[in-house]
Number of protein chains: 2
Amino acid sequence: MALIVKKFGGSSVATPEKMFNIVNRVLAGKKEDDNIVLVVSAMGDTTDELVSLAKQVTSHPYGREMDRLLSTGEQMSIALMAMAFMEKGHPAVSMTGEQAGIKSSNAYGKGRITDIDPSRVFEALKGGNIVIVAGFQGITDDGDITTLGRGGSDTTAVALAGAMKADVCEIFTDVEGVYSTDPRISPNAVKLAEITYGEMLEMARLGAGVMQPRAVEMGSRYGVPIHVRSTFSDNEGTIIREAYTMSANEHVITGVADDTNVAKVSLAGVENKPGVAHTIFQTLADGNVDVDMIVQSVRTINDALTDIVFTITRDDVVLAKDILENLKKTIRMDDFVINEHMAKVSIVGAGMLGQPGVAAKMFGILSAEGINIEIISTSEISISCLIAEDRVKEAVHAIHDKLVLDGRG
Amino acid sequence: MALIVKKFGGSSVATPEKMFNIVNRVLAGKKEDDNIVLVVSAMGDTTDELVSLAKQVTSHPYGREMDRLLSTGEQMSIALMAMAFMEKGHPAVSMTGEQAGIKSSNAYGKGRITDIDPSRVFEALKGGNIVIVAGFQGITDDGDITTLGRGGSDTTAVALAGAMKADVCEIFTDVEGVYSTDPRISPNAVKLAEITYGEMLEMARLGAGVMQPRAVEMGSRYGVPIHVRSTFSDNEGTIIREAYTMSANEHVITGVADDTNVAKVSLAGVENKPGVAHTIFQTLADGNVDVDMIVQSVRTINDALTDIVFTITRDDVVLAKDILENLKKTIRMDDFVINEHMAKVSIVGAGMLGQPGVAAKMFGILSAEGINIEIISTSEISISCLIAEDRVKEAVHAIHDKLVLDGRG
C-alpha cells in the first residue's frame, strides 16, 4: 500500500482525449490498496487565454482579481478529470486548493504556501476516491485565492505530498527526467537516476528548467522524494532526494547548467572606500534588480578608484539603466557599460566539496577551448563562469564530456 | 443614499466591450453615497461551452463535478468586471457566492438558497467598493459549490437584495419590462408599470418567460421590490412588488400568458372507483412527470368507466408513454392517446377575485372566435384554457385586446 501524489501539467490535460490517457495510465498502474492524489494544471493554453482576456480589460495588474480569474483554469481541469475517472468506473472527487487545505500568503501572483491541512483529502481517500487537487493555488486567511507563480503546480504537488507524508511525489513532464546537462545542447547528456535536493536546487538556480526551485525546496523541507518522469513513457525518471541511495549514482560532478538570461554591468572609476558598494547594491535591490555574480577589482595605478562588475538578468536591463543613470548623480563614477551578450556556465555536484582540483580542471577546459572567463563565482556545490554568449555551447560540450562523462568512467 | 442590487445576464457581459458599457452606465447613474452590488452571470455562451466540454468526457450527470465546472464561468466574469470598474477609476471587489455568504442546498444543478450572510459584502461596500457577486452559485455546508438552475442569477440577485434589505433589485434584461402579453405575439401588448409578486408568479408559471418563478418567490418572501428593465435603454421598466402603489396601474386583468410546451394525455375507459386516479398520478409523479391541468369526466351511459384527461409538458412525452404502457398492465384502461398540438392560454389578475363574470367573458371571446376549449383550470388569480396550438395567437390577440386593453379604458 502506497500513498502517491502525481502531478500532470497543462499540456498533459489539454484535451478530453489526453485526460483519458492519464486516467487509463493511472488506473493501469494503481495497486488495489494504493492511495492516489493527482495535482493538475489548467488545460493547455487556458491560462494564457485568461491572461489575454484580462489584458483586453486593463493593463494594470490587479492581483486579487487576476488570481481569481487565473485560478478558474485549474477548477475546470479538476472537475473534468474527476468526471473522466468516474466515466472509467473509478470513484473520484475534485478539490480546489482551499478544499485540499492549502493556505497561502496574500502575495497575489506569487503566493507562498504557508500551511497545509490535508484532512479533507485523507477523508476522500478513505472513501475509496482518487482525489484530484487544483495546482497553482491556495487560499489566504481572508478566504481569497492566490496563485503560486511559475511552476506553482509542482510546488502544490510536492508540498501536498510532504504534508501527507506521501511515499513519493511524481512530477510528469515532457522530458524523461533530469539530465547531466541540457540534452538539446549536448547529445551526450545522460539521464540521472538520482540527484540530491541541494544539487537539484543549484541546477535549477543556475539555469536547468526541468523543476522550479521552490518545489525542490518543499521536497527538501518535508523530505519527500520527487520522481521526475515522462508523461509519454513508463520509463523510470530521476529521483530527487536527500542523499544518494546507490553509490554508483554519486559523482564529483552531477551536471552542467547554462544560463543565457544574463547581462554584465561594469561600473568604471568608482571610489574605493567603505560604503560605496553598499550604496550601489542597496539602490539596485530597492529597485527590484537582482544581482548575481559580483567582482570588484582594485586598480594598481590609482587605488583611490576601483571598477565594479556584476551580472543581472536581461529582463532587468532597462530598469538597471534608469537606476544607474540616477546613481551617477549621487556617487562618483566615470561611466557604466552593460553587455547583454553574456552567458553563465556552471558545474554542480555535492561531491566536489572535498575535491580542490575541480575548479582548476574547469578553467583548464575552457582555456583549452580558447574561451575567456570574465567572472568566476562559487558555492559549496557549484562553480560558475561568465563567458561570451556565442561560446556557451562549446563550453557546455567540453565541460560535460571531460568532467561529467569522464567522471562516470 | 440607496442600496441597490443590479443583475446583468450573460449576454450583457459577453465581451470586454459590453462589460465597459455596463461599467459606464453604472458609474454614470451612481450617486456619491449610493451602495451598489452587481450580480453577474457567465460571459455569453461560456456555460454552454463548459457543458459541451463535459459532454466530451462523459454522458453521466456527475452533479458535484458539473457544478464546480459550470461555476467557473461566473468566477471569470466577476473578476473581469471588477477589473473593468478599477480600470475606469472606481474601487471594486469580486466575490464568489461563497464569499458573499450565499449558502445553498446540496441538490447539484438545482440548488436552493438556504441562507445568506452578506457581512463580507457590507464590509466591502463600507470600504467604498462596488461589489461584484457571482450569480447562479452557492456553497453547501460541506463547502461544495452548487449551481442554482435556470435563471439562477436572478434568484441570487433578489435573495441577496432581500438579505441586505436593499432598496431595490434591478434585473437588466433584453426587453423593456413585463408586458401585458408577449409583444412578439401581440403588437398591442403594453408594458406594465407595476405588477404584484402573486401576479408575476402566476404569469411566470403560465408561460411568461421574463422572470424565473423562484426569483419572484424570493422577492415576495423578503419584500424587496424587483425592477425589471432594459440593458439597452434608461427607460423605467416594471416594478414587481407586494401591492400596487398607484391605483391607475391596478386592473381586473393584468396580463395574458400563453404556453405551447403542452401535450394533452387522454386515458379512455378507466375504472370509476376510488384509488384509481391516485395510482395513475402517483405513478407519473414517481417517474418525474409533472402533471398540470386534470379533468375527469364520468360517462353517462356506463358510469363504471370514466375518461381522465390531463396535460404534461412536451419534454415529458416520451417518459409518460413508457410509464403509461407499463400502467396498462396493472390497471384497467381501454387505451391512451397523447396529443402534442395543444396550447394553454391564461389570464392573470389579482383584481378578478371579486369579479365572477371574468371567466364567462373569456369563454365568450374564445367562442366568438370559434376556438374550442378542451380543459379549463382556475386559480385564485388566473383562468387557463387548453386550446388547439394553431389557434393560440388568435386567442391571445382577442383576449388581450378585449379583456386587458378594454379594462384599461
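Numbered from 1 within each chain, the chains take letters A, B, ... in sequence-line order.
Interface remark: A/L50 contributes side-chain atoms only to the contact with chain B (heavy atom separation under 4.5 Å). For chain A, no part of B/I132 is nearby; none of its heavy atoms comes within less than 4.5 Å. Residue B/E17 does not touch chain A at all, counting heavy-atom pairs closer than 4.5 Å. For A/Q99, the part sitting under 4.5 Å from any heavy atom of chain B is the side chain, from C-beta outward, and nothing else. Both the backbone and the side chain of A/T96 come within contact range of chain B, with heavy atoms under 4.5 Å apart. Residue contact with chain B, scored on non-hydrogen atoms closer than 4.5 Å, is absent for A/L70. Looking at A/M81, there are no atoms closer than 4.5 Å to chain B (heavy atoms on both sides), in backbone or side chain. In this structure, chain B has no heavy atom under 4.5 Å from any part of A/D67.
The side-chain heavy atoms of B/M83 and A/M66, taken from C-beta on, include a pair separated by under 4.5 Å. Inter-residue side-chain proximity for B/L80 and A/E65 is flagged as unmet; no heavy-atom pair is nearer than 4.5 Å.
More than 12 non-hydrogen atoms from other residues, nucleotides or ligands lie less than 6.0 angstrom from NZ of A/K30. Within a 6.0 Å sphere centred on CZ of A/R112, other residues, nucleotides and ligands contribute 12 heavy atoms or fewer.
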For B/M76 and A/R68, run side-chain contact (heavy atoms from CB on, under 4.5 Å): C-alpha distance rounded to whole Å, both residues' side-chain angles, the deciding distance at 0.1 Å, then the answer. CA-CA 7 Å; B/M76 288 169 54; A/R68 154 144 15 263; over 6 Å; no
Checking A/T15 against B/Q56 for the side-chain contact (heavy atoms from CB on, under 4.5 Å) test, could you report, in this order, the C-alpha distance in whole Å, the side-chain angles of both residues, the deciding distance, and whether it holds? CA-CA 9 Å; A/T15 63; B/Q56 289 174 53; over 6 Å; no
For B/M86 and A/H60, what are the C-alpha separation, side-chain angles and deciding distance, and is it a side-chain contact (heavy atoms from CB on, under 4.5 Å)? CA-CA 9 Å; B/M86 289 189 278; A/H60 295 275; over 6 Å; no
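Side-chain N or O atoms of B/R64 include none that pairs as donor or acceptor with a backbone N or O of A/A79 at under 3.5 Å.
Note: B/T58 OG1 to A/F20 CZ = 7.0 Å, rounded to the nearest 0.5 Å.
Listed here is the closest heavy atom pair of A/P16 and B/V57: CB-CG2, 3.9 Å.
With chain A as the partner, the residue from B/Q75, B/M95, B/K88 showing the most heavy-atom pairs under 4.5 Å is B/Q75. Comparing A/S94, A/S71, A/G143, A/A92 by heavy-atom pairs within less than 4.5 Å of chain B, the highest count is held by A/S94.
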